[in-house]
Amino acid sequence: QVSLAESGGDSVQAGGSLKLSCVASGIRIHFACIIWFRQVPGKGREGVASVGGDGNTDYLDSAKGRFTISQDIFKNTVYLQMNGLKPEDTGMYYCAADLHLNCLNPIGTGAQADYWGQGTQVTVSS
């Protein structure tokens, strides 16, 4: 049974930071591509950051320089460090797993994902 459990979402002011966590069970993260997506009501889902089993990372253009995705293989956990948060970063953040070693480039909107977490809400106020 595969599960992905996100945590770390919160309400912060613009310019603040949050660190999201995605704990995986039933799969080993270094044998998959783990992706963070976000969804805003009324807008489409967008891929924010991804990390492949080979360690390669990719980011949404608006996240580059502010967000960092990382993985702790021993904890089987993927993190998303978000700095310099902006109101437009507000949304429900989901962790997803694509059971391929290498991630798609660009990240896309999630058609490649095999498993999804329940999401964690990030709200950034101006």
Tell me whether Q112 contacts the main-chain N or O of I107 through its side chain, where contact means a donor paired with an acceptor under 3.5 Å. yes
Could I get the full list of side chain to side chain donor-acceptor pair (under 3.5 Å) partners for E46, not counting sequence neighbours? R38
Can you name the nearest heavy-atom pair linking Q121 to T90, along with the distance? NE2-CG2, 4.2 Å
Cluster link W36 to V122, ILVMFWY, side chain under 4.5 Å: yes
So the ring pair (Phe, Tyr, Trp, His ring centres under 6.0 Å) pairs with at least one residue in residues 63-115 (sequence neighbours excluded) are none
Linked, directly or transitively: I35 and M82 (ILVMFWY side chains, under 4.5 Å): no
Tell me which donor-acceptor pairs under 3.5 Å the side chains of residues 9-34 have, and how far apart each pair is, sequence neighbours excluded?
from	atom 1	to	atom 2	distance (Å)
S17	OG	N83	OD1	2.9
S25	OG	S3	OG	2.5
R28	NH2	I73	O	3.1

Note, Q81 side chain near I69 side chain (heavy atom, < 4.5 Å): no
Residue set satisfying side chain to side chain donor-acceptor pair (under 3.5 Å) with N105, at least two apart, ordered chain then number -> none
Here the pair of heavy atoms bringing A96 nearest to A113 is CB-CB, 3.7 Å
Under a 3.5 Å distance rule, please check whether E6 uses its side chain to pair with a backbone N or O of G119 as donor and acceptor. yes
For residues 47-58, dump all side-chain donor-acceptor pairs below 3.5 Å to protein atoms at least two apart in sequence or in another chain.
from	atom 1	to	atom 2	distance (Å)
D54	OD1	N56	N	3.1
D54	OD2	N56	ND2	3.0

Which pairs with one or both residues in residues 68-87 pass salt bridge (charged side-chain N to carboxylate O under 4.0 Å, His left out), sequence neighbours excluded? none
Hey, is CD on E88 packed in by over 12 heavy atoms from elsewhere, all under 6.0 Å? yes
Within this structure, what is the CZ-CZ distance for the pair R45 and F37, rounded to the nearest 0.5 Å? 6.5 Å
